[in-house]
Amino acid sequence: MTLIDLANPTRFLALTARVLPWLAAATIILLTIGLYQAALAPDDYQQGATVKIMFIHVPNAWLSMFVWGVMSIASLGTLVWRHPLADVAAKAAAPIGAAFTFLALLTGSLWGRPMWGTYWEWDARLTSVLILFLMYLGLMALWRAVDDPSRAARAAAVLTLVGAINLPIIKFSVDWWNTLHQPASVMRMGGSALDKSFLIPLLVMAVAFTLLFVTLHLAAMRNEILRRRVRSLQMMQASRIAFSSEVAVGSREDNASKEAGAA
Amino acid sequence: MAVAGGDCFPNRWKPSMTALAALIRRDIRIALRVGGGALIGVLFFLTVVVLMPFAVGPDLALLSRLGPAILWLGALLASLLTLDRLFMADHEDGSLDLITMSRTPLELACAAKALAHWLAAGLPLIVATPVLGLLLNLDMVATAAVALTLLAGTPALTFTGMIGAALAVTLHRGGLLMAVLVLPLSIPVLIFGVAASQAVIVGPMTFGAPFSILCALSLVSLVIGPFAAAASLRHGLD
Amino acid sequence: MTMSLGPYASFIVTSYAAAALVVAILIGWVMLDHRSQTQRLRELEQRGITRRSGRSATDPR
(Lines give C-alpha, C1' and ligand atoms only; values in the text may rest on other atoms or scores of the structure.)
Protein backbone atom coordinates (compact mmCIF):
# COMPACT_ATOMS: atom_id res chain seq x y z
CA MET A 1 0.00 0.00 0.00
CA THR A 2 1.33 3.42 -0.84
CA LEU A 3 0.36 6.70 0.66
CA ILE A 4 0.21 8.40 -2.68
CA ASP A 5 -2.87 6.50 -3.78
CA LEU A 6 -4.95 7.93 -0.98
CA ALA A 7 -7.36 10.45 -2.37
CA ASN A 8 -7.04 13.01 0.37
CA PRO A 9 -3.46 14.21 -0.10
CA THR A 10 -4.11 14.58 -3.80
CA ARG A 11 -7.17 16.70 -3.26
CA PHE A 12 -5.23 18.62 -0.64
CA LEU A 13 -2.50 19.45 -3.15
CA ALA A 14 -5.05 20.83 -5.59
CA LEU A 15 -6.58 22.94 -2.84
CA THR A 16 -3.19 24.21 -1.72
CA ALA A 17 -2.21 25.22 -5.23
CA ARG A 18 -5.36 27.32 -5.46
CA VAL A 19 -5.25 28.86 -1.98
CA LEU A 20 -1.54 29.56 -1.42
CA PRO A 21 -1.20 32.68 -3.64
CA TRP A 22 -4.17 34.33 -1.95
CA LEU A 23 -2.86 33.48 1.51
CA ALA A 24 0.57 34.82 0.66
CA ALA A 25 -0.93 38.04 -0.67
CA ALA A 26 -3.09 38.50 2.42
CA THR A 27 -0.08 37.88 4.64
CA ILE A 28 2.02 40.47 2.82
CA ILE A 29 -0.75 43.08 2.95
CA LEU A 30 -1.44 42.55 6.65
CA LEU A 31 2.26 42.50 7.52
CA THR A 32 2.74 45.79 5.67
CA ILE A 33 -0.18 47.40 7.49
CA GLY A 34 1.01 46.01 10.81
CA LEU A 35 4.59 47.19 10.36
CA TYR A 36 3.40 50.63 9.26
CA GLN A 37 1.15 50.95 12.30
CA ALA A 38 3.89 49.66 14.56
CA ALA A 39 6.25 52.30 13.20
CA LEU A 40 3.66 55.00 13.88
CA ALA A 41 2.86 53.77 17.38
CA PRO A 42 3.91 56.20 20.12
CA ASP A 43 6.68 55.49 22.59
CA ASP A 44 5.75 54.00 25.90
CA TYR A 45 6.15 56.43 28.78
CA GLN A 46 8.16 53.85 30.72
CA GLN A 47 9.91 51.72 28.12
CA GLY A 48 10.43 54.34 25.45
CA ALA A 49 10.90 53.12 21.92
CA THR A 50 11.84 49.59 23.03
CA VAL A 51 8.12 48.88 23.24
CA LYS A 52 8.32 48.46 19.46
CA ILE A 53 9.97 45.08 20.04
CA MET A 54 6.66 43.98 21.53
CA PHE A 55 5.03 44.08 18.09
CA ILE A 56 7.11 41.14 16.94
CA HIS A 57 7.79 39.50 20.28
CA VAL A 58 4.18 38.96 21.29
CA PRO A 59 2.99 37.52 17.92
CA ASN A 60 5.89 35.08 17.96
CA ALA A 61 5.22 34.07 21.56
CA TRP A 62 1.57 33.58 20.66
CA LEU A 63 2.51 31.45 17.65
CA SER A 64 4.91 29.33 19.71
CA MET A 65 1.92 28.10 21.68
CA PHE A 66 -0.56 28.15 18.81
CA VAL A 67 1.64 25.89 16.68
CA TRP A 68 1.89 23.34 19.48
CA GLY A 69 -1.91 23.47 19.63
CA VAL A 70 -2.10 22.81 15.89
CA MET A 71 0.31 19.90 16.26
CA SER A 72 -1.77 18.49 19.13
CA ILE A 73 -4.92 18.52 17.02
CA ALA A 74 -2.98 16.89 14.19
CA SER A 75 -1.68 14.29 16.64
CA LEU A 76 -5.23 13.47 17.68
CA GLY A 77 -5.91 13.07 13.97
CA THR A 78 -3.01 10.64 13.70
CA LEU A 79 -3.87 8.52 16.73
CA VAL A 80 -7.65 8.62 16.79
CA TRP A 81 -8.84 9.10 13.23
CA ARG A 82 -5.72 7.88 11.44
CA HIS A 83 -6.14 10.68 8.98
CA PRO A 84 -3.45 10.46 6.30
CA LEU A 85 -2.86 14.20 6.30
CA ALA A 86 -2.55 14.50 10.07
CA ASP A 87 1.02 13.30 10.39
CA VAL A 88 2.01 15.42 7.41
CA ALA A 89 0.53 18.44 9.19
CA ALA A 90 2.25 17.59 12.46
CA LYS A 91 5.63 17.04 10.86
CA ALA A 92 5.49 20.19 8.74
CA ALA A 93 4.49 22.35 11.70
CA ALA A 94 7.37 21.39 14.02
CA PRO A 95 10.27 23.28 12.40
CA ILE A 96 8.10 26.34 11.74
CA GLY A 97 6.94 26.36 15.35
CA ALA A 98 10.51 25.99 16.52
CA ALA A 99 11.55 28.96 14.38
CA PHE A 100 8.81 31.17 15.83
CA THR A 101 9.67 30.03 19.35
CA PHE A 102 13.30 30.89 18.70
CA LEU A 103 12.24 34.36 17.54
CA ALA A 104 10.12 34.81 20.66
CA LEU A 105 13.15 33.93 22.79
CA LEU A 106 15.51 36.13 20.84
CA THR A 107 13.28 39.20 20.77
CA GLY A 108 12.38 38.65 24.41
CA SER A 109 16.04 38.62 25.29
CA LEU A 110 16.72 41.73 23.19
CA TRP A 111 13.76 43.43 24.82
CA GLY A 112 14.98 42.37 28.23
CA ARG A 113 18.48 43.81 27.82
CA PRO A 114 17.40 47.46 28.17
CA MET A 115 14.81 46.54 30.80
CA TRP A 116 16.81 44.21 33.04
CA GLY A 117 20.36 45.05 32.11
CA THR A 118 21.11 41.48 31.07
CA TYR A 119 20.29 39.51 27.97
CA TRP A 120 18.94 36.60 29.94
CA GLU A 121 16.90 36.83 33.07
CA TRP A 122 15.28 33.69 34.49
CA ASP A 123 11.97 35.41 34.05
CA ALA A 124 8.98 33.10 34.24
CA ARG A 125 7.70 33.73 30.73
CA LEU A 126 11.08 33.54 29.03
CA THR A 127 11.91 30.36 30.95
CA SER A 128 8.69 28.65 29.91
CA VAL A 129 9.31 29.65 26.30
CA LEU A 130 12.82 28.23 26.59
CA ILE A 131 11.44 24.89 27.81
CA LEU A 132 8.92 24.96 24.98
CA PHE A 133 11.79 25.55 22.56
CA LEU A 134 13.64 22.54 23.99
CA MET A 135 10.53 20.44 23.49
CA TYR A 136 10.23 21.58 19.87
CA LEU A 137 13.84 20.60 19.27
CA GLY A 138 13.27 17.22 20.93
CA LEU A 139 10.25 16.62 18.76
CA MET A 140 12.20 17.51 15.62
CA ALA A 141 14.99 15.17 16.72
CA LEU A 142 12.37 12.42 17.14
CA TRP A 143 11.07 13.03 13.61
CA ARG A 144 14.57 12.84 12.22
CA ALA A 145 15.61 9.79 14.24
CA VAL A 146 13.22 7.39 12.55
CA ASP A 147 13.18 6.43 8.91
CA ASP A 148 9.65 5.16 8.53
CA PRO A 149 7.37 8.24 8.47
CA SER A 150 4.25 6.55 9.83
CA ARG A 151 6.10 4.98 12.76
CA ALA A 152 7.71 8.32 13.57
CA ALA A 153 4.32 10.00 13.23
CA ARG A 154 2.70 7.87 15.91
CA ALA A 155 5.56 8.29 18.36
CA ALA A 156 5.65 12.03 17.73
CA ALA A 157 1.88 12.21 18.18
CA VAL A 158 2.09 10.58 21.62
CA LEU A 159 4.89 12.93 22.63
CA THR A 160 3.05 16.01 21.28
CA LEU A 161 -0.09 15.17 23.25
CA VAL A 162 1.86 14.45 26.44
CA GLY A 163 3.61 17.78 25.89
CA ALA A 164 0.29 19.53 25.41
CA ILE A 165 -0.94 18.18 28.76
CA ASN A 166 2.35 19.04 30.43
CA LEU A 167 2.82 22.54 29.05
CA PRO A 168 0.26 24.22 31.35
CA ILE A 169 1.76 22.32 34.29
CA ILE A 170 5.25 23.45 33.32
CA LYS A 171 4.02 27.03 32.89
CA PHE A 172 2.40 26.95 36.32
CA SER A 173 5.49 25.45 37.99
CA VAL A 174 7.83 27.94 36.40
CA ASP A 175 5.61 30.85 37.44
CA TRP A 176 5.53 29.48 40.97
CA TRP A 177 9.28 28.91 41.00
CA ASN A 178 9.90 32.40 39.69
CA THR A 179 7.84 34.16 42.33
CA LEU A 180 9.62 32.05 44.94
CA HIS A 181 13.02 33.29 43.84
CA GLN A 182 12.24 36.83 42.71
CA PRO A 183 9.68 38.32 45.02
CA ALA A 184 7.73 41.35 43.79
CA SER A 185 10.48 43.06 41.83
CA VAL A 186 9.70 41.13 38.68
CA MET A 187 9.42 43.36 35.66
CA ARG A 188 6.18 42.63 33.94
CA MET A 189 6.41 42.84 30.21
CA GLY A 190 3.43 44.14 28.32
CA GLY A 191 0.91 44.04 31.09
CA SER A 192 -2.80 43.59 30.74
CA ALA A 193 -3.89 47.22 30.37
CA LEU A 194 -2.56 48.09 26.95
CA ASP A 195 -3.40 51.38 25.37
CA LYS A 196 -5.38 51.29 22.15
CA SER A 197 -2.49 52.82 20.22
CA PHE A 198 -0.47 49.68 21.04
CA LEU A 199 -3.28 47.16 20.99
CA ILE A 200 -4.43 47.67 17.39
CA PRO A 201 -0.99 47.30 15.72
CA LEU A 202 -0.31 44.36 18.03
CA LEU A 203 -3.50 42.62 16.96
CA VAL A 204 -2.80 43.29 13.29
CA MET A 205 0.70 41.91 13.66
CA ALA A 206 -0.62 38.84 15.53
CA VAL A 207 -3.11 38.10 12.76
CA ALA A 208 -0.45 38.74 10.10
CA PHE A 209 1.99 36.33 11.75
CA THR A 210 -0.73 33.73 12.15
CA LEU A 211 -1.49 34.04 8.44
CA LEU A 212 2.22 33.76 7.75
CA PHE A 213 2.28 30.52 9.72
CA VAL A 214 -0.76 29.15 7.88
CA THR A 215 0.85 29.96 4.53
CA LEU A 216 4.20 28.43 5.44
CA HIS A 217 2.51 25.43 7.01
CA LEU A 218 0.42 24.68 3.92
CA ALA A 219 3.49 25.04 1.70
CA ALA A 220 5.55 22.79 3.99
CA MET A 221 2.73 20.22 4.05
CA ARG A 222 2.72 20.24 0.24
CA ASN A 223 6.46 19.64 0.26
CA GLU A 224 6.07 16.82 2.76
CA ILE A 225 3.44 15.11 0.59
CA LEU A 226 5.73 15.42 -2.42
CA ARG A 227 8.61 14.05 -0.34
CA ARG A 228 6.54 11.00 0.53
CA ARG A 229 5.67 10.53 -3.12
CA VAL A 230 9.35 10.61 -3.97
CA ARG A 231 9.97 8.09 -1.23
CA SER A 232 7.31 5.66 -2.37
CA LEU A 233 8.29 6.03 -6.02
CA GLN A 234 11.89 5.32 -5.08
CA MET A 235 10.78 2.23 -3.20
CA MET A 236 8.73 1.19 -6.21
CA GLN A 237 11.79 1.68 -8.38
CA ALA A 238 13.93 -0.32 -6.00
CA SER A 239 11.48 -3.21 -5.93
CA ARG A 240 11.14 -3.09 -9.71
CA ILE A 241 14.91 -3.24 -10.12
CA ALA A 242 15.15 -6.12 -7.67
CA PHE A 243 12.37 -7.92 -9.52
CA SER A 244 13.69 -7.26 -13.01
CA SER A 245 17.24 -8.20 -12.10
CA GLU A 246 15.85 -11.49 -10.84
CA VAL A 247 14.18 -12.00 -14.19
CA ALA A 248 17.20 -10.74 -16.09
CA VAL A 249 19.43 -13.45 -14.69
CA GLY A 250 18.07 -15.70 -17.42
CA SER A 251 17.30 -13.33 -20.30
CA ARG A 252 20.16 -10.82 -19.91
CA GLU A 253 17.96 -7.92 -20.81
CA ASP A 254 20.07 -4.86 -21.52
CA ASN A 255 18.03 -2.23 -19.78
CA ALA A 256 17.43 -4.16 -16.57
CA SER A 257 21.04 -4.98 -15.96
CA LYS A 258 21.99 -1.36 -16.60
CA GLU A 259 19.45 -0.19 -14.06
CA ALA A 260 20.53 -2.76 -11.53
CA GLY A 261 24.10 -1.67 -12.05
CA ALA A 262 23.16 1.94 -11.45
CA ALA A 263 21.46 1.05 -8.17
CA MET B 1 7.94 -17.84 35.11
CA ALA B 2 4.87 -15.63 35.17
CA VAL B 3 2.39 -18.03 36.76
CA ALA B 4 3.40 -17.64 40.39
CA GLY B 5 0.72 -16.45 42.77
CA GLY B 6 -2.14 -17.91 40.81
CA ASP B 7 -3.23 -20.48 43.39
CA CYS B 8 -3.71 -18.26 46.42
CA PHE B 9 -6.67 -16.52 44.80
CA PRO B 10 -9.94 -18.23 43.89
CA ASN B 11 -10.44 -18.30 40.16
CA ARG B 12 -13.40 -15.96 40.05
CA TRP B 13 -11.18 -13.27 41.52
CA LYS B 14 -10.38 -11.09 38.57
CA PRO B 15 -7.71 -13.00 36.70
CA SER B 16 -6.13 -9.76 35.57
CA MET B 17 -5.22 -8.87 39.14
CA THR B 18 -3.21 -12.05 39.57
CA ALA B 19 -1.66 -11.50 36.17
CA LEU B 20 -0.59 -8.03 37.24
CA ALA B 21 0.77 -9.30 40.55
CA ALA B 22 2.73 -11.94 38.68
CA LEU B 23 4.04 -9.31 36.27
CA ILE B 24 5.17 -7.09 39.13
CA ARG B 25 6.85 -10.01 40.92
CA ARG B 26 8.58 -11.12 37.73
CA ASP B 27 9.85 -7.63 36.89
CA ILE B 28 11.20 -7.06 40.38
CA ARG B 29 12.95 -10.40 40.34
CA ILE B 30 14.54 -9.66 36.96
CA ALA B 31 15.57 -6.18 38.03
CA LEU B 32 17.21 -7.35 41.24
CA ARG B 33 19.15 -10.29 39.89
CA VAL B 34 22.70 -9.97 38.64
CA GLY B 35 22.76 -7.84 35.54
CA GLY B 36 19.24 -6.56 36.14
CA GLY B 37 20.47 -3.03 36.43
CA ALA B 38 18.29 -1.72 39.27
CA LEU B 39 21.16 -1.41 41.71
CA ILE B 40 23.36 0.25 39.14
CA GLY B 41 20.96 3.18 39.43
CA VAL B 42 21.91 3.57 43.10
CA LEU B 43 25.57 3.36 42.20
CA PHE B 44 25.04 6.05 39.56
CA PHE B 45 23.21 8.22 42.11
CA LEU B 46 26.11 7.78 44.55
CA THR B 47 28.68 8.64 41.89
CA VAL B 48 26.88 11.79 40.75
CA VAL B 49 26.58 13.04 44.32
CA VAL B 50 30.24 12.26 45.02
CA LEU B 51 31.25 14.18 41.87
CA MET B 52 29.50 17.35 43.03
CA PRO B 53 32.04 18.43 45.69
CA PHE B 54 34.75 18.19 43.06
CA ALA B 55 32.79 20.64 40.93
CA VAL B 56 31.75 23.16 43.60
CA GLY B 57 34.56 22.65 46.12
CA PRO B 58 34.53 20.97 49.52
CA ASP B 59 32.85 23.91 51.24
CA LEU B 60 30.49 22.22 53.68
CA ALA B 61 28.25 25.25 54.13
CA LEU B 62 27.79 25.58 50.38
CA LEU B 63 27.24 21.84 50.01
CA SER B 64 24.55 21.79 52.65
CA ARG B 65 22.86 24.72 50.91
CA LEU B 66 22.98 22.94 47.55
CA GLY B 67 22.34 19.51 49.11
CA PRO B 68 18.66 19.05 48.29
CA ALA B 69 19.22 20.25 44.72
CA ILE B 70 22.15 17.88 44.23
CA LEU B 71 20.25 14.92 45.67
CA TRP B 72 17.21 15.70 43.55
CA LEU B 73 19.21 16.09 40.35
CA GLY B 74 21.04 12.84 41.05
CA ALA B 75 17.83 10.97 41.75
CA LEU B 76 16.20 12.47 38.65
CA LEU B 77 19.01 11.37 36.38
CA ALA B 78 19.35 7.97 38.04
CA SER B 79 15.66 7.12 37.79
CA LEU B 80 15.34 8.35 34.20
CA LEU B 81 18.48 6.68 32.92
CA THR B 82 17.57 3.28 34.38
CA LEU B 83 14.18 3.50 32.66
CA ASP B 84 15.73 3.24 29.24
CA ARG B 85 15.36 -0.53 29.11
CA LEU B 86 11.98 -0.85 30.87
CA PHE B 87 10.33 -2.30 27.77
CA MET B 88 13.41 -3.01 25.68
CA ALA B 89 14.41 -6.31 27.33
CA ASP B 90 10.82 -7.56 27.14
CA HIS B 91 10.67 -6.58 23.50
CA GLU B 92 13.86 -8.46 22.71
CA ASP B 93 12.77 -11.75 24.26
CA GLY B 94 9.22 -11.46 22.93
CA SER B 95 7.38 -11.21 26.23
CA LEU B 96 6.25 -7.69 25.39
CA ASP B 97 4.18 -9.10 22.53
CA LEU B 98 2.54 -11.52 24.96
CA ILE B 99 1.79 -8.67 27.35
CA THR B 100 0.29 -6.60 24.53
CA MET B 101 -1.85 -9.49 23.34
CA SER B 102 -3.05 -10.67 26.74
CA ARG B 103 -6.52 -9.94 28.07
CA THR B 104 -5.13 -7.67 30.77
CA PRO B 105 -5.57 -4.05 29.68
CA LEU B 106 -2.26 -2.76 28.37
CA GLU B 107 -2.59 0.41 30.46
CA LEU B 108 -2.71 -1.67 33.64
CA ALA B 109 0.20 -3.80 32.51
CA CYS B 110 2.23 -0.66 31.84
CA ALA B 111 1.33 0.70 35.26
CA ALA B 112 2.34 -2.61 36.84
CA LYS B 113 5.68 -2.59 35.07
CA ALA B 114 6.33 0.99 36.14
CA LEU B 115 5.37 0.15 39.72
CA ALA B 116 7.75 -2.80 39.70
CA HIS B 117 10.48 -0.61 38.30
CA TRP B 118 9.87 1.99 40.96
CA LEU B 119 9.97 -0.64 43.71
CA ALA B 120 13.20 -2.10 42.37
CA ALA B 121 15.02 1.04 41.24
CA GLY B 122 13.29 4.02 42.88
CA LEU B 123 13.03 2.81 46.47
CA PRO B 124 16.76 2.01 46.78
CA LEU B 125 17.49 5.63 45.83
CA ILE B 126 15.39 6.80 48.75
CA VAL B 127 17.07 4.31 51.08
CA ALA B 128 20.45 5.63 49.95
CA THR B 129 19.48 9.27 50.51
CA PRO B 130 20.39 9.44 54.26
CA VAL B 131 23.92 8.20 53.56
CA LEU B 132 24.39 10.71 50.78
CA GLY B 133 22.85 13.44 52.95
CA LEU B 134 25.62 12.74 55.43
CA LEU B 135 28.23 13.34 52.73
CA LEU B 136 26.59 16.65 51.84
CA ASN B 137 26.45 17.86 55.44
CA LEU B 138 22.66 17.80 55.67
CA ASP B 139 21.19 17.50 59.14
CA MET B 140 18.59 14.94 60.17
CA VAL B 141 15.54 17.05 59.43
CA ALA B 142 16.82 18.14 56.03
CA THR B 143 17.71 14.57 55.06
CA ALA B 144 14.30 13.38 56.15
CA ALA B 145 12.67 16.15 54.13
CA VAL B 146 14.63 15.24 51.00
CA ALA B 147 13.86 11.54 51.46
CA LEU B 148 10.17 12.29 51.93
CA THR B 149 10.00 14.50 48.84
CA LEU B 150 11.84 11.85 46.86
CA LEU B 151 9.36 9.26 48.08
CA ALA B 152 6.50 11.43 46.86
CA GLY B 153 8.21 12.63 43.68
CA THR B 154 10.06 9.67 42.18
CA PRO B 155 6.83 7.88 41.16
CA ALA B 156 6.11 10.89 38.95
CA LEU B 157 9.58 10.56 37.41
CA THR B 158 9.12 6.85 36.80
CA PHE B 159 5.67 7.19 35.29
CA THR B 160 6.69 10.12 33.07
CA GLY B 161 9.87 8.37 32.05
CA MET B 162 7.88 5.29 31.14
CA ILE B 163 6.46 7.26 28.18
CA GLY B 164 10.00 7.77 26.96
CA ALA B 165 10.76 4.08 27.47
CA ALA B 166 7.70 3.10 25.43
CA LEU B 167 8.74 5.49 22.64
CA ALA B 168 12.26 4.07 22.80
CA VAL B 169 11.07 0.54 22.22
CA THR B 170 8.74 1.43 19.37
CA LEU B 171 11.40 3.48 17.63
CA HIS B 172 14.31 1.11 18.32
CA ARG B 173 16.14 4.14 19.64
CA GLY B 174 17.11 4.75 23.18
CA GLY B 175 19.50 6.56 25.38
CA LEU B 176 20.13 10.21 24.78
CA LEU B 177 17.16 10.96 22.53
CA MET B 178 14.71 9.67 25.11
CA ALA B 179 16.41 11.58 27.91
CA VAL B 180 16.17 14.76 25.84
CA LEU B 181 12.47 14.14 25.24
CA VAL B 182 11.55 13.28 28.81
CA LEU B 183 13.72 15.61 30.88
CA PRO B 184 11.75 18.79 30.02
CA LEU B 185 8.60 17.03 31.18
CA SER B 186 10.15 16.38 34.59
CA ILE B 187 10.87 20.05 35.31
CA PRO B 188 7.73 20.57 37.44
CA VAL B 189 8.62 17.60 39.64
CA LEU B 190 12.13 18.96 40.11
CA ILE B 191 10.85 22.44 40.95
CA PHE B 192 8.39 21.31 43.59
CA GLY B 193 10.60 18.55 44.98
CA VAL B 194 13.51 20.89 45.60
CA ALA B 195 11.20 23.69 46.79
CA ALA B 196 9.57 21.44 49.39
CA SER B 197 12.96 20.28 50.69
CA GLN B 198 14.30 23.84 50.78
CA ALA B 199 11.17 24.96 52.62
CA VAL B 200 12.15 22.74 55.53
CA ILE B 201 15.79 23.84 55.58
CA VAL B 202 15.77 27.58 54.91
CA GLY B 203 12.57 28.59 53.28
CA PRO B 204 10.22 31.24 54.46
CA MET B 205 7.35 29.26 53.05
CA THR B 206 5.62 26.20 54.41
CA PHE B 207 6.47 22.63 53.51
CA GLY B 208 2.83 21.76 52.89
CA ALA B 209 2.09 23.74 49.74
CA PRO B 210 4.89 22.53 47.45
CA PHE B 211 4.70 19.05 48.93
CA SER B 212 1.02 18.64 48.18
CA ILE B 213 1.58 19.95 44.63
CA LEU B 214 4.36 17.39 44.29
CA CYS B 215 1.95 14.63 45.38
CA ALA B 216 -0.59 15.96 42.90
CA LEU B 217 1.99 15.80 40.12
CA SER B 218 2.70 12.19 41.03
CA LEU B 219 -0.99 11.34 40.90
CA VAL B 220 -1.43 13.10 37.55
CA SER B 221 1.52 11.25 36.05
CA LEU B 222 0.10 8.02 37.45
CA VAL B 223 -2.85 8.60 35.13
CA ILE B 224 -1.12 10.07 32.08
CA GLY B 225 1.93 7.80 32.03
CA PRO B 226 0.27 4.40 31.58
CA PHE B 227 -2.18 5.73 28.98
CA ALA B 228 0.50 7.44 26.91
CA ALA B 229 2.86 4.47 27.17
CA ALA B 230 0.11 2.02 26.23
CA ALA B 231 -0.94 4.21 23.30
CA SER B 232 2.63 4.38 22.10
CA LEU B 233 3.09 0.61 22.41
CA ARG B 234 -0.22 -0.16 20.75
CA HIS B 235 0.37 2.14 17.80
CA GLY B 236 4.05 1.47 17.48
CA LEU B 237 4.46 -2.28 17.72
CA ASP B 238 2.41 -3.39 14.73
CA MET C 1 10.75 59.63 7.26
CA THR C 2 12.81 59.79 10.38
CA MET C 3 11.89 57.74 13.38
CA SER C 4 13.60 58.32 16.69
CA LEU C 5 14.19 54.97 18.34
CA GLY C 6 15.79 56.29 21.48
CA PRO C 7 18.98 55.05 23.11
CA TYR C 8 18.19 51.39 22.43
CA ALA C 9 17.76 51.68 18.66
CA SER C 10 20.22 48.87 17.98
CA PHE C 11 18.15 46.39 20.02
CA ILE C 12 14.98 47.30 18.18
CA VAL C 13 16.64 47.14 14.77
CA THR C 14 18.34 43.85 15.65
CA SER C 15 15.13 42.18 16.71
CA TYR C 16 13.27 43.31 13.59
CA ALA C 17 16.20 42.23 11.42
CA ALA C 18 16.38 38.84 13.17
CA ALA C 19 12.68 38.30 12.65
CA ALA C 20 13.02 39.22 8.98
CA LEU C 21 16.01 36.90 8.61
CA VAL C 22 14.33 33.91 10.24
CA VAL C 23 11.16 34.40 8.22
CA ALA C 24 13.26 34.72 5.06
CA ILE C 25 15.07 31.49 5.94
CA LEU C 26 11.73 29.75 6.45
CA ILE C 27 10.40 30.97 3.11
CA GLY C 28 13.64 30.05 1.37
CA TRP C 29 13.60 26.58 2.93
CA VAL C 30 10.01 25.97 1.86
CA MET C 31 10.66 27.15 -1.70
CA LEU C 32 13.94 25.29 -2.17
CA ASP C 33 12.43 22.14 -0.69
CA HIS C 34 9.51 22.40 -3.11
CA ARG C 35 11.85 22.83 -6.03
CA SER C 36 14.04 19.88 -5.09
CA GLN C 37 11.08 17.55 -4.47
CA THR C 38 9.42 18.36 -7.80
CA GLN C 39 12.80 18.00 -9.48
CA ARG C 40 13.27 14.52 -8.01
CA LEU C 41 9.75 13.52 -8.96
CA ARG C 42 10.37 14.64 -12.52
CA GLU C 43 13.61 12.67 -12.69
CA LEU C 44 11.89 9.57 -11.40
CA GLU C 45 9.15 10.02 -13.98
CA GLN C 46 11.64 10.35 -16.80
CA ARG C 47 13.08 7.03 -15.75
CA GLY C 48 9.62 5.57 -16.22
CA ILE C 49 8.59 5.26 -12.60
CA THR C 50 5.00 6.44 -12.43
CA ARG C 51 2.32 6.45 -9.80
CA ARG C 52 -0.19 3.66 -9.85
CA SER C 53 -2.92 6.08 -10.83
CA GLY C 54 -0.86 6.88 -13.93
CA ARG C 55 -1.00 10.59 -13.25
CA SER C 56 2.07 12.74 -13.17
CA ALA C 57 3.37 12.99 -9.64
CA THR C 58 4.12 16.68 -9.91
CA ASP C 59 0.64 17.35 -11.13
CA PRO C 60 -1.41 18.53 -8.16
CA ARG C 61 -4.36 16.36 -9.04
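Per chain, numbering begins at 1; letters A, B, ... match sequence-line order.
- Side-chain contact of A/Arg154 with B/Thr170: a donor-acceptor pair under 3.5 Å is absent, judged by distance alone.
- A salt bridge is absent between B/Arg65 and B/Asp59: the closest approach of a Lys/Arg side-chain nitrogen to an acidic carboxylate oxygen does not fall below 4.0 angstrom.
- At a threshold of 4.0 Å, the pair B/Glu107-B/Arg234 counts as salt-bridged, since one of the basic side-chain nitrogens sits closer than that to a carboxylate oxygen.
- Judged by distance alone, the side chains of B/Thr149 and B/Ser197 do bring a donor and an acceptor atom under 3.5 Å apart.
- Within residues 155-166 of chain A, the residues having any heavy atom under 4.5 Å from a heavy atom of chain B are, by residue number, A/Ala155, A/Val158, A/Leu159, A/Val162, A/Gly163, A/Ile165, A/Asn166.
- Using a 4.5 Å cut-off between heavy atoms, A/Leu132 makes no contact with chain B at all.
- Relative orientation of the A/Trp120 and A/Trp122 rings is perpendicular, given thresholds of 30° and 60° on the angle between their planes.
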Validation: residues 185-196 of chain B side-chain donor-acceptor distances under 3.5 Å, sequence neighbours left out:
unit_1: B/Ser186; atom_1: OG; unit_2: B/Leu183; atom_2: O; d: 2.7

